[in-house]
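In what follows, chains carry the letters A, B, and so on, assigned in the order in which the sequence lines appear, proteins first and then strands, with residues in each chain numbered from 1. These numbers were taken from a predicted model, which means no experiment stands behind them.
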Amino acid sequence: MPDASGSSNRASSHKQGQTVTIYSEFAGHIGAILDHLEEAGDLPAGLDRKNVAVEPPRDPSHGDLATNVAMVLAKPAGKNPRELAMIIAPKIARFDSVAGAEVAGPGFINIRLVDDAWREELRAIAAAGENYGRSAMGAGKTVNIEYVSANPTGPLHMGHCRGAVVGDALAGLLEFTGHAVTREYYINDAGGQVDILARSTHLRYREALGEDIGEIPEGLYPGEYLKPVGEALAAEFGDRYAASEETQWLALFREHSVAAMMDLIRADLGLLGIAQEVFASEAAVHAAGKPEAAEAELRKRDLVYDGILEAPKGKTLDDWEPVELPLFRSTRFGDDQDRPIRKSDGSWTYFGADLAYHFQKSQSADMLIDIWGADHAGTVKRIKAAVEALTDGKTEFDVKLVQMVRLLRDGEPVKMSKRSGSFVTLADVVEEVGKDVVRFTMLTRKADAQMDFDFAKVVEASKDNPVFYVQYAHARIRSVHRRAQAEGIEIGGAADLSLLDAEELALVKRAAQFPRIAEAAANAHEPHRIAFYLGDLAAEFHALWNRGNDHPEKRLLVADAPDLTRARLALAEGIGQIIRNGLAIMGVEAVEEME
RNA sequence: GCGCCCGUAGCUCAGCUGGAUAGAGCACGAGACUUCUAAUCUUGAGGCCGCAGGUUCGACUCCUGCCGGGCGCACCA
C-alpha cells in the first residue's frame, strides 16, 4: 500500500532548487500505486507511463486535480478505462490530503483535496520564496541560446528589440527550470556589410580631418553615429590614410568600426537589461579555420560535393550562370535544395561559416537555440540540416522565429526608412516608455505572431493593458503590506490559514500552477506563457480585492480582526511572490507602487 | 512552381505540446457604484476552431488534400 502520510511536511521538502508541487507529488503517488498494482499482478509490468498526466481540470467543478492514468493505460493493459479507474481511484482517496477521488467521463479520475493541502501550498510558496517554481527539469543540461546577432553596422533599432527580449526571457526561463544557460551573440564581422561600414567610417574620418564630404553616397551608411568613430580615428592616425588606397586602411578601419559598433550595441542591450556573456566573431571562426575543418569532415562523409545549382524558379534572373560550387547535401535532411558553402571565388558563403559556427557552439552545449527574425525563415532548414549532420543528431537544436513588430503612434504606423537612416532606435523607445514596459509588452504575444506596439497603449493605466494590470496587482500587495506594518500588524510568522475562505483558496490554487506553467513554457520555448499566466493571476487577485468594495469585512485589512488580517496578508504575500518570480523570469522588475 | 508561418466570437488574441461543455479583453445588451481597497464592478448574448477526409477511447491541437492571407525562394547577410 502506498504510504498514506499525506503532504504534511511538503513545505520543507524544497531541495536542490526544485519545488515539489502538488502536481508532481501526486504524479509520484500514482506511480507508486501503479507499482503496487504491477506487483499484485493487476497490471502487466513495463507499461509506458510517459503520457500519464496529473493536471488541474479546466472546469474547477471537476475538482482540484485530474489524471488520465486509466485512459492512457487501459488499452495496453487490456482493460476498460472506467474499470481501471475504479481500481485506482479508491487508492488515491486513501491519502490524507485527498477529500475525494471519483471516476468521471470516459475514465478521468477527479481528485478533490482537503483545504489544508492548499493552505500547505501557500506555506510552501512562502518557504521557497524566490525559488518557488524552480525545477530540476534541465539539471545537468547545458543550453546555448544565441539572439540579437544584429549586423555590427549601427545602433539597434526596434526590429531587433523583440528578438532580444524573447531570447533573454527564454534564457531566464531555462535557467529557472534548471538548465545551465549560455547567452551568446554572433558578430557578423566578416561579410560585405562590414566593408561598407569601414568605407562609411573612412568618409567620416576624412570629414573629421576637415574635408568636405558632401552627401553620403548611395550604398554607404549615412548615420551620424559614425562621426565619433571617424573623429577617433583622425585623432589616432592623423591624415595617414586620408588619400591612400583602400587596401591600406580597409582592414584597420573595419576592425575599429566593428569594435565601436559593438560598444554601441552592448550599450543598447544594457538599456534592456541584457548582457550576453559570449560574443562570438564570424571573422574569428574564419581565422581559426573552422569552415575548412567542417568542409573536410563533411566531404569525408560525402555530405559535401562539387555540383551545379539549378536556377531559382518563380523568379527570373538575368545574370544567372551555372557554376560548379561545393554544395552541402541539405536535401538529405529535408531541405529543398543543396546549399553552397563557398562562392565561386573560393571564399566562404555566409552559410559555410554559419555551419562551422554552429558546430563550434554544439561542442559546448547539449542544446542550441537560435532566435531569428522571421525574414530568415527560408534558411532554417539548411542550418538545421547542418547541425544534424555535424552532430549526428545528438545536439538538440531549435530555431525560434520572431515576427515583426509594427510601431504605432496615435493609431498610425510609424514610418521607418533605412535608406535615410530614420529608423526608430531601441534606445529611443526604451527612453520613452521604460525597460520594463518594453520587455513585458514584447512577451504579450507568442513570438511567431505579428504584434503591434502602440506607444500610447503600452503605458495606459487600465485593465486592458496587461503590463499595468500585473504591476498594479503587485503594487496593491506591497501597499497593503506597508499599511499593515504602519498599523503594527505582524506579518510573516504563523498565520492561522484556516481563516481563509473558498474564494481565497481558489487564488492559492491558481498560484500553485506557476511551477507547471514555467515547466511547460520552458519545454515549448515560449516565454510569453509566463506573461499570460501572470495576467490571469493578477485578474483573479483584483477580483478578490474588489470583493472589499461592497463588503468591507472581506478586505485584506480588517480592523479589529488581526488574525484574519494576518491570514489574508499571508495570501497576498504568496501572490506577490509568484508575480515577482514570474516577472523575474521575464527580466521585469516588480514595482512597489504605481505612479 | 516550391517551401515556411498564419487562419479560433464582430475586433485583438490565449488555448498548458491529444483531454471533459473551446477561453479572456475590447465592442455590444442589462444592471450596480457617485466612492477612495472603483486608474470601476456584476451579468448576459455572441463559435461549423478556414473546408474535407484520416489516426485515436478522445482532435482547435497530430497526418493528408484543398481554400484564403503573409513571408521567403542568390554565390546577399
(message) Please give me every residue in residues 72-84 of chain A whose heavy atoms get under 4.0 Å of an atom in RNA chain B, ordered by residue number.
(response) A:Val72, A:Lys75
(message) Does atom CG (A:Asp560) have a neighbourhood of more than 12 heavy atoms from anything else shown, all under 6.0 Å?
(response) no
Using atom [atom1] of each nucleotide, how far apart are [N] and [M] to the nearest Å?
| N | M | atom1 | answer |
| --- | --- | --- | --- |
| B:G7 | B:C13 | P | 10 Å |
| B:U61 | B:U8 | C1' | 12 Å |
| B:A27 | B:G70 | P | 30 Å |
| B:A32 | B:U21 | C1' | 30 Å |
| B:C11 | B:C28 | P | 15 Å |
| B:C57 | B:A52 | P | 23 Å |
| B:A14 | B:A24 | C1' | 7 Å |

(request) Determine if A:Tyr472 stacks with B:A39; use a centre-to-centre distance below 5.5 Å and an interplanar angle below 30° as the criteria. (result) no
(request) Measure the distance between the ring centre of A:His376 and the centre of the six-membered base ring of B:A77, then answer whether it is under 5.5 Å with planes under 30°. (result) yes
If [N] has a Watson-Crick or G-U wobble mate with both distances under 3.5 Å, name it; if not, just say none.
| N | value |
| --- | --- |
| B:C11 | B:G25 |
| B:G1 | B:C73 |
| B:G65 | B:C51 |

N/O-N/O pairs, protein side and nucleotides 28-30 of chain B side, under 3.5 Å:
none

(request) Kindly say whether the aromatic ring centers of A:Phe108 and A:His62 come within a distance under 6.0 Å. (result) no
(message) Using ring centroids (six-membered ring only for Trp), state whether A:Phe176 and A:Phe514 fall under 6.0 Å.
(response) yes
(request) Have a look at A:Ala524 and say if it touches a base, only the backbone sugar-phosphate, or nothing, with a 4.0 Å heavy-atom cut-off. (result) nothing
(message) Using the side-chain heavy atoms of A:Met71, tell me which of these nucleotides is nearest: B:C75, B:G19, B:A77.
(response) B:G19
(request) Check whether any side-chain N or O of A:His542 sits under 3.5 Å from a backbone N or O of A:Tyr469 as a donor-acceptor pair, and report yes or no. (result) yes
(message) If you compare every side-chain N and O of A:Arg476 against the phosphate oxygens of B:A38 (OP1, OP2), does one of them come in below 4.0 Å?
(response) yes
